[in-house]
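To start, the structure under review is shown below, and the notes come after it.
Every chain is numbered from 1, with letters handed out A, B, ... down the list of sequences. Because only heavy atoms are used, hydrogens play no part in the values below, and waters and symmetry mates are left out as well, while side chains stay in.
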Amino acid sequence: MAKVKGYPEALENKLRDRRFYGEDTNPEFTKTVKKISDTIAHMCYQCGTCTASCPSAPRSSYRIRKFMRRAVLGFENEALTDPDLWLCTTCYSCTDRCPRDIAPTDVIMAMRNLAFKRDIIPVNFLKTVQAIYTTGHGVPNNDVNRTARKKLGMAADPPTTHSYPEFIPGIQKILDYFKLKANADRIVKEREG
Amino acid sequence: MESSHQYAFYLGCIAPNRYPGSESASIRTAKKLGIELLPLKGASCCPAPGAFGSIDLNVWYAMAARNLVLAEQMGKDIALICNGCYKSIWEVNHKLKKNAELRKMVNEVLKEIDMEYKGTIDVFHLAELLYDPEICGLQKIKDSVTTPLKGAKIAVHYGCHLMKPRKERHFGTTEHPYWVEEMVAALGAEPVEYRNKMQCCGAGGGVRGYDIVHSLDITNEKLINIMEVKADAVTDLCPFCQLQFDRGQIEIEEKFGVKYNLPVLHYCELLGLAQGMTPQELALDLHGISCEPFLEKVL
Amino acid sequence: MAEKKVTKKDAAQKTAKKDAGIAPNMAKEEKKPRIGVFICHCGTNIAGSMSITDVQEYAKTLGDVAFADNYQYMCSTPGQKKIEDAIKEHNLTGIVVAACSPRLHEPTFRTATKEGGLNPFRFEMANIREQNSWVHMHDSEGATSKAKDAIRIAVAKAALLQDLIPKSVPVEPTAMVVGAGVAGMQAALDLAAAGIKTYLIEQEPSIGGRMSQLDKTFPTLDCSQCILTPKMVDVGRSKNIELMTYSNVDSVEGYIGNFDVTIRKKARGVLTPDEAEARGFVGGGCNGCGDCDAVCPVIKPNNFEVGMKPRKAIYINHPQVVPLIYTIDFESCVKCGLCVTACGDKKAIDLEMQDELIKVKVGTAILATGYDIFPIEKKEEWGYKKYENVISSLEFERLICASGPTGGHLVRPSDGVTPKKIAFLLCAGSRDNTGVGKPYCSRFCCMYSLKHAHQIIEKIPGAQPYLFYMDIRSFGKMYEEFYYRIQDEGAKFIRGRVANILEDPETKNLKVYADDTLLDRPMELEVDLVVLASAVEPAADTNRTRKLFGVSCSMDGWLLEAHPKLNPCGTTTAGVFLAGVCQGPKDIPDTVASAEGAASAASIPIHMGEVELEPYFAMCIEDKCAGCGMCVKLCPYSALDLIEKDGRTVMQVTEAKCKGCGTCGGFCPGGAIWMQHFTTPQIVAQIDAFLVGGEQ
Amino acid sequence: MSDEWKPKILGMVCNWCSYAGADLAGSARTQYPPDIRIVRVMCTGRLDMLFVLKAFADGADGVLVSGCHFGDCHYLEGNYKAAKRMFMVKSLLKNIGLEDKRFRMTFVSASEGVKWAKVVEDVVNVVKSYGPNPIAGFAANK
């Protein structure tokens with residue numbers, strides 16, 4: 001555990017103890033990540049092929065190699081609370097090139113799943129959930145589009161849940177099975193009031 | 001003409017609700033090529049692999065499975081026109097087929113709505129069906145062309161979730177693929193190679209929603225590379241990539257002050273044009289970036 | 001017949017006695033077996049995972065066991081002494097040692113058994129280490145009961161073991177070495193120096209192998225040709241070496257001391273002076289003048305120069321070849337005959353020449369078949385064969401070599417311009433678990449890449465090498481010092497594996513993308529040339545050759561040594577040895593060392609003059625043999641024949657040919673074949689001991 | 001744990017490939033269940049079908065025969081000959097109504113320690129799923 005020095009807040013932050021402490025690692029984290037991601041997350045040898053393949057790395061502090069390292073060592077908090085976790089575009093370039101045959105992308109997805117269990121999640125992800133809960137679509141139809149569709153001689157609404165709303169309760173049942181809507185509403189409320 | 005291949009047409013969200021042209025184009029062009037796309041009634045969002053996959057993979061599996069079951073009940077394989085949807089629908093189908101434990105979990109959930117995933121169908125991207133000589137093939141595409149897109153330089157954006165991760169998929173190389181270029185050439189247009197062709201559009205993984213500027217900066221890098229080779233248009237296989245390139249250019253202009261006016265068309269829209277559909281019939285006017293300069297060149 | 005009796009408790013013994021009775025050539029077991037059982041702790045290797053005392057107490061309860069004991073290390077001198085003493089003290093008839101694998105210490109304990117005054121083949125081993133304590137480390141109960149069963153099974157066999165006399169066979173005083181790279185040449189030279197006639201077989205037209213393609217060698221930087229050429233010349237000159245180039249092994253028969261090898265001498269279309277003389281053209285034959293080369297109209301890429309230089313259909317790889325004899329590539333020869341005219345009176349060229357099969361007899365053989373470069377274009381992200389200025393390390397060697405296609409001027413393939421900024425990609429295809437590349441470390445790429453860096457700094461003013469590495473493995477003598485030197489000379493080391501390379505379509509420059517993991521920053525580096533330190537893999541023909549000699553290979557295709565530490569040159573086929581990279585990636589020092597090791601190992605049987613063969617021969621129990629002849633067809637060594645004896649047709653074994661696989665014995669419908677040391681009664685007794693013996 | 005049923009499985013393996021592979025599993029400390037007992041022969045070609053049938057008659061719950069990969073036999077083709085016979089064994093077992101999966105022939109090379117461990121584990125699991133050999137004791141009682 002990093003030592004708290006009892007300085008005034010500003011200094012405390014500036015001089016924060018940045019050492020690697022064994023106590024900060026959780027071996028279970030490595031196992032859980034492996035389980036969810038279904039890839040050998042513990043086998044990374046830090047060659048950097050992933051980061052070098054990553055479209056997000058050159059324009060941010062996001063380093064997938066660092067997340068792999070955290071997976072190997074079990075730095076749970078550091079991994080799950082790092083806002084960079086959400087900068088992966090899931091393009092799978094790292095996965096295609098990883099010489100260790102690991103799927104770093106899926107490691108990131110696993111970590112995001114674990115972060116969500118701690119209510120760590122960007123709101124936009126939850127908005128999609130809410131949209132689907134009510135309409136069945138992540139990007140629902142709108143009037144401009146309806147008129148356009150009619151002009152094309154198509155039905156104003158596609159033959160999806162939009163034309164067959166009777167399917168929506170089923171979708172809601174699935175989402176409720178995982179308490180997803182409830183959690184989404186709660187978290188959005190906390191963030192946006 | 002010979003007996004037509006029938007598929008359940010899985011629409012997803014963005015195609016029907018933002019670019020309806022690509023929906024009607026797909027149905028009409030495919031018909032001309034002996035592929036019949038039947039409506040998949042009651043389908044929902046695939047669901048978005050970035051958003052749902054990040055929140056809880058199990059929900060993602062279950063929701064995608066519901067769409068798969070709808071097609072199983074129809075007794076038809078699925079055809080779709082979106083890479084994102086492909087990741088959800090194809091990959092979940094693939095995983096459920098080989099992972100009994102997962103299938104058990106998913107069917108637990110589906111029981112709630114009296115559904116059961118059986119694993120009786122396959123999932124295809126319309127593009128791979130068009131390329132497959134068993135189903136259609138380049139020659140048939142060529143033969144169906146009435147207004148060849150002569151003199152148009154077209155850059156191909158493959159996107160990520162159709163072909164990657166390579167090991168899971170069946171498309172071969174993800175470093176230097178060329179099959180979509182061949183399909184573009186079949187329309188009489190000139191495919192152009194550009195730097196870092198396989199780079200992501202920047203929208204995926206929820207990044208577009210999480211950090212729009214970051215995601216647009218990736219798109220901008222691609223646009224620069226495409227402009228470098230003086231392409232008249234960029235074509236894609238994924239309405240979400242299309243949205244990112246098309247509406248994205250407007251946002252890029254707002255946020256970064258750079259303007260490209262590079263037309264962005266889904267391959268089905270190109271195919272539609274080549275088969276003589278009018279811009280109106282393709283609702284190209286709904287595109288954020290006007291396709292006119294491109295149209296003038298080819299029509 | 002066995003299975004009828006086995007329903008009786010003491011089936012095993014009975015069957016044994018009966019067979020022993022009816023097989024006159026087999027010693028009769030009169031007195032009741034008295035078996036001594038010795039259990040080894042192997043320190044804690046065995047004792048740590050099971051209860052030695054339980055096992056020993058159990059052994060004592062077994063019917064035929066007259067004595068049981070245990071010791072820390074049975075293989076030690078006092079351990080072996082225990083066996084010798086016990087044999088005398090308790091007049092034992094058979095010995096069982098429960099310890100490690102018989103593949104490790106069977107010889108040791110057979111000797112001890114012999115010292116104790118018993119026939120060495122009255123020893124049986126119970127493997128309670130490799131196949132017990134080491135694989136059931138956390139299941140003491142399971143391990144203990146498995147050990148008890150293993151001993152019960154071994155005792156059952158020991159009770160039926162018989163005196164066997166190993167057969168000595170003379171050893172042909174000649175050796176063979178397959179492959180004339182530096183390993184093969186060194187092995188052949190050593191054998192020759194030891195006074196042994198040696199056939200050196202090389203599939204290429206000339207000798208020298210990979211090493212002759214290299215420019216300089218690390219860490220001493222002496223020129224490869226300079227140190228190799230003298231060896232090549234010696235090989236050519238040596239009275240004891242019969243060099244056969246452009247040849248490969250066609251078939252192998254026989255066993256240690258007596259291998260009959262057929263060599264295919266490929267039609268090279270050109271006669272050596274000797275061959276010419278044999279045909280009566282005295283003073284004729286190829287003298288390497290090259291007149292033919294000058295007139296030949298067919299142009300092909302020269303593989304020795306990795307295709308970067310042309311050659312004719314009639315060619316030599318390079319001016320220093322040994323032997324200096326031209327070769328016709330009949331694949332591409334149009335038989336225009338211009339060369340024949342040019343050659344004139346020398347009459348060295350025969351366009352109608354055919355492959356020749358030559359039979360030789362050798363006592364021992366060494367495989368030195370070397371390696372190929374992994375086809376690195378399979379790693380598409382680096383664009384080899386797609387981007388002109390991405391080359392392999394072997395191409396670099398030829399380009400930097402004074403005798404190479406560019407006379408030693410390193411240039412970019414795209415435009416012939418001298419590169420200034422050069423990126424070296426280490427572990428290109430090595431340490432790769434994707435299934436595309438190779439999982440192992442190719443072992444010498446780090447060091448030759450350091451050497452390459454040095455060479456460009458030395459040759460090209462202002463040149464800047466960048467080495468992209470994961471780990472620098474400078475394990476050899478003076479290697480780490482070499483690393484220090486090259487860094488000091490200005491090479492830049494970037495700790496990151498290159499993810500992909502993009503080519504600038506105009507300049508043909510390359511943009512290299514990697515993550516500087518130490519700086520923690522992704523990087524894009526524009527360079528003029530990229531050199532891939534490609535992984536190595538077993539040479540193309542390795543698999544065919546190894547099967548001819550009955551040598552196994554490990555999962556990555558490299559030939560399998562008898563023991564990775566204690567017998568790295570030997571193989572599981574007696575009399576066949578391994579030298580150099582065919583056994584696994586090695587740099588030149590290690591290759592030469594292993595070659596000398598192999599040569600020494602291969603010379604021992606020859607100097608001994610004779611070898612003992614394990615007496616595991618098949619024998620015919622003539623009373624039972626119906627003369628059906630099924631077995632004759634089954635034998636892979638045609639060691640069996642049907643003969644007339646006392647008016648009956650019976651089978652007869654030629655012991656010298658029999659290798660003791662027992663395939664005949666496993667089939668004989670009448671149970672008329674007696675497989676020494678693996679007799680039906682012995683095996684049946686083992687099965688009984690395990691399954692019904694428990695209740696006895 | 002000792003009250004749990006432990007299957008009796010007989011392994012007959014060749015000296016050059018499978019026995020060496022099993023040794024390799026040992027030196028690599030690759031753990032696997034201890035329910036198998038090994039009888040070593042020089043080549044699987046030595047194995048008489050009767051050995052397998054006898055083992056079952058004697059009450060073996062499972063039998064594993066393992067040799068070299070095809071083309072790798074130390075004696076050129078002993079393993080082909082063995083495979084042929086062992087194939088007949090399978091059909092025989094079917095005929096006498098014994099689950100033929102209690103018997104298995106595999107090919108494990110001297111370098112496949114991990115594979116050996118996996119094979120044994122599989123065999124043990126399969127045999128456990130069948131339970132004790134129904135004809136066990138049949139021999140003893142006669």
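With respect to C:Glu106 and D:Arg40, a salt bridge is recorded, a charged nitrogen being found less than 4.0 Å from a carboxylate O. Residues D:Lys54 and C:Asp688 are paired through a salt bridge, judged by an N-O separation under 4.0 Å between the basic side chain and the carboxylate.
For the atom pair CZ of C:Arg103 and CH2 of D:Trp16, the computed distance is 7.0 Å after rounding to the nearest 0.5 Å. Interatomic distance, NE2 of C:His138 versus CD of D:Gln31, reported as 4.5 Å (0.5 Å rounding). Note: C:Ile683 CD1 to D:Phe51 CZ = 4.0 Å, rounded to the nearest 0.5 Å. One distance of note links CZ of D:Arg29 with OG of C:Ser133; it measures 7.5 Å at 0.5 Å rounding. The distance from atom CD1 of D:Ile9 to atom CG of C:Leu691, rounded to the nearest 0.5 Å, is 11.0 Å.
Both the backbone and the side chain of D:Ser27 come within contact range of chain C, with heavy atoms under 4.5 Å apart. Heavy atoms of D:Arg85 lying under 4.5 Å from chain C belong exclusively to its side chain. Contact of C:Leu104 with chain D is not made at all, since no heavy-atom distance falls under 4.5 Å.
Across all their heavy atoms, D:Thr30 and C:Val135 have their closest contact at O-CG1, 3.2 Å. Of all heavy-atom pairs spanning C:Gly142 and D:Pro34, the tightest one is CA-CG, 4.1 Å. Closest approach of C:Cys661 to D:Tyr75, counting heavy atoms only: CB-CG, 3.2 Å. The shortest non-hydrogen separation linking D:Lys8 to C:Phe690 is NZ-O, 3.7 Å. In this structure, D:His74 and C:Thr573 approach most closely via the heavy-atom pair CE1-OG1, 3.5 Å.
Of residues 94-122 of chain D, those residues with a non-hydrogen atom less than 4.5 Å from any non-hydrogen atom of chain C are, in numerical order, D:Ala110, D:Ser111, D:Glu112.
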For this session: Begin from the C-alpha positions of C:Glu130 and D:Leu24 and carry the test side chain to side chain contact (heavy atoms under 4.5 Å, CB included) through to its verdict.
Result: CA-CA 7 Å; C:Glu130 280 83 349; D:Leu24 183 63; over 6 Å; no
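Between chain C and the options D:Ala20, D:Ala25, D:Cys17, D:Gly78, heavy-atom pairs under 4.5 Å are most frequent for D:Ala20.
Two residues are said to be in side-chain contact when any heavy atoms from C-beta on lie closer than 4.5 Å; D:Tyr19 and C:Gln131 meet this criterion.
Using modelled atom types, one finds no donor on one side chain facing an acceptor on the other under 3.5 Å when comparing D:Asp72 with C:Ser552. Under the 3.5 Å distance criterion, with hydrogens and angles disregarded, a donor-acceptor pair is assigned to the side chains of C:Thr680 and D:Arg46.
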